[in-house]
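As C-alpha cells, the structure follows; a few thoughts come after it.
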Amino acid sequence: MPAVSYLLDPVGRRTVTAAAEPIDAIAIRELGVEPVRVPLRARALRDAWTSATDVPLGAAWVRRDEKGEVHALSSVCPHLGCAVAFSKPSGDFRCPCHDSSFAVTGDYRHGPAERGLDPLPLEVKDGRVFITWVRYRVGGSSREPA
Ligand code: FES
C-alpha cells in the first residue's frame, strides 16, 4: 500500500491552479468611465508538480461609472472564449470571432453569446483596485467557474 501511495503522490492533494488572492491591478486614479484593459498576472502559481512565478492569467476591462463605482469584467468572450475589445466609436465591447457585442456594463447586446460578459470580484484598498481572476466556463447562458 505505501508503494501505491508513493506512485500516486501528489494525487488527491489540494491543487492550486489560479491566483487565489486578489491581484493588485491598477490605481483607482487611472480609471475613468471608459474601460481600460488590465492584464492580470499571478505572482506565483503552484500545482502538484510544478511552480511558476509571474504567470499571465488573463485580462480585465476595468472602469469607474458615473457614481465612482469600480467595475471589472473578464476579457474572455462567454461564447467560445476569444478576447473582447472595447470599441470607442460605438461605446461597447465587440468580439472579433463571431461578432457578439456587449454594453459597457457587460450586458449582452447581440450575437451568438448567450450571456453578458462575466464580472470579476474586486476590492478597492488604499487607492488601488485588487481583482480576483476567475475563468468562467464558456458557452451557455449560465455563469459558472470553469
Ligand atoms: S467567441 Fe466571441 S462571439 Fe464567438
Side-chain angles (χ1 to χ4, degrees), residues 7-146:
L7 291 173
L8 293 178
D9 187 63
V11 173
R13 285 194 199 166
R14 183 170 177 270
T15 300
V16 177
T17 57
E21 295 176 15
I23 298 164
D24 185 350
I26 192 168
I28 197 166
R29 66 178 145 69
E30 296 180 52
L31 297 174
V33 292
E34 188 174 290
V36 292
R37 185 180 180 280
V38 180
L40 299 175
R41 305 178 74 86
R43 278 183 286 166
L45 285 184
R46 189 177 62 237
D47 67 16
W49 287 273
T50 61
S51 66
T53 56
D54 196 29
V55 180
L57 298 172
W61 285 96
V62 190
R63 70 182 181 97
R64 288 175 82 177
D65 65 19
E66 296 76 9
K67 296 176 191 163
E69 209 169 301
V70 181
H71 305 270
L73 297 167
S74 171
S75 67
V76 177
C77 178
H79 178 226
L80 292 178
C82 291
V84 299
F86 184 71
S87 167
K88 286 184 186 184
S90 59
D92 61 6
F93 292 101
R94 300 277 171 93
C95 180
C97 292
H98 310 104
D99 203 27
S100 283
S101 67
F102 309 88
V104 73
T105 56
D107 292 339
Y108 169 82
R109 272 196 174 159
H110 160 268
E114 296 180 61
R115 65 177 192 262
L117 295 177
D118 299 313
L120 295 173
L122 66 84
E123 58 186 294
V124 178
K125 198 166 52 182
D126 300 328
R128 307 277 312 169
V129 180
F130 293 78
I131 299 173
T132 301
W133 173 248
V134 179
R135 179 164 292 281
Y136 291 94
R137 208 170 292 219
V138 294
S141 58
S142 69
R143 182 170 289 134
E144 299 167 24

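In listed order, ligands and their atoms are each counted from 1.
Among protein atoms, those of element N, O or S found less than 2.8 Å away from atom 2 (Fe) of ligand 1 are Cys77 SG, Cys95 SG.
Scanning both residues, Cys77 and Val84, for their nearest heavy atoms gives CB-CG1, 3.7 Å. Nearest approach of Leu40 to Ala60, heavy atoms of both residues: CD1-CB, 4.1 Å. When all heavy atoms of Arg115 and Ser142 are compared, the pair lying nearest together is NH1-O, 3.2 Å.
Evaluation of the side chain to side chain contact (heavy atoms under 4.5 Å, CB included) rule for Ser87 yields Pro89, Ser90, Asp92, Arg94 as partners, not counting sequence neighbours.
Using cut-offs of 30° and 60° for the angle between ring planes, the Phe93 and Phe86 rings count as perpendicular.
Between the Tyr136 side chain and the Pro119 main chain, a donor and an acceptor come within less than 3.5 Å of each other.
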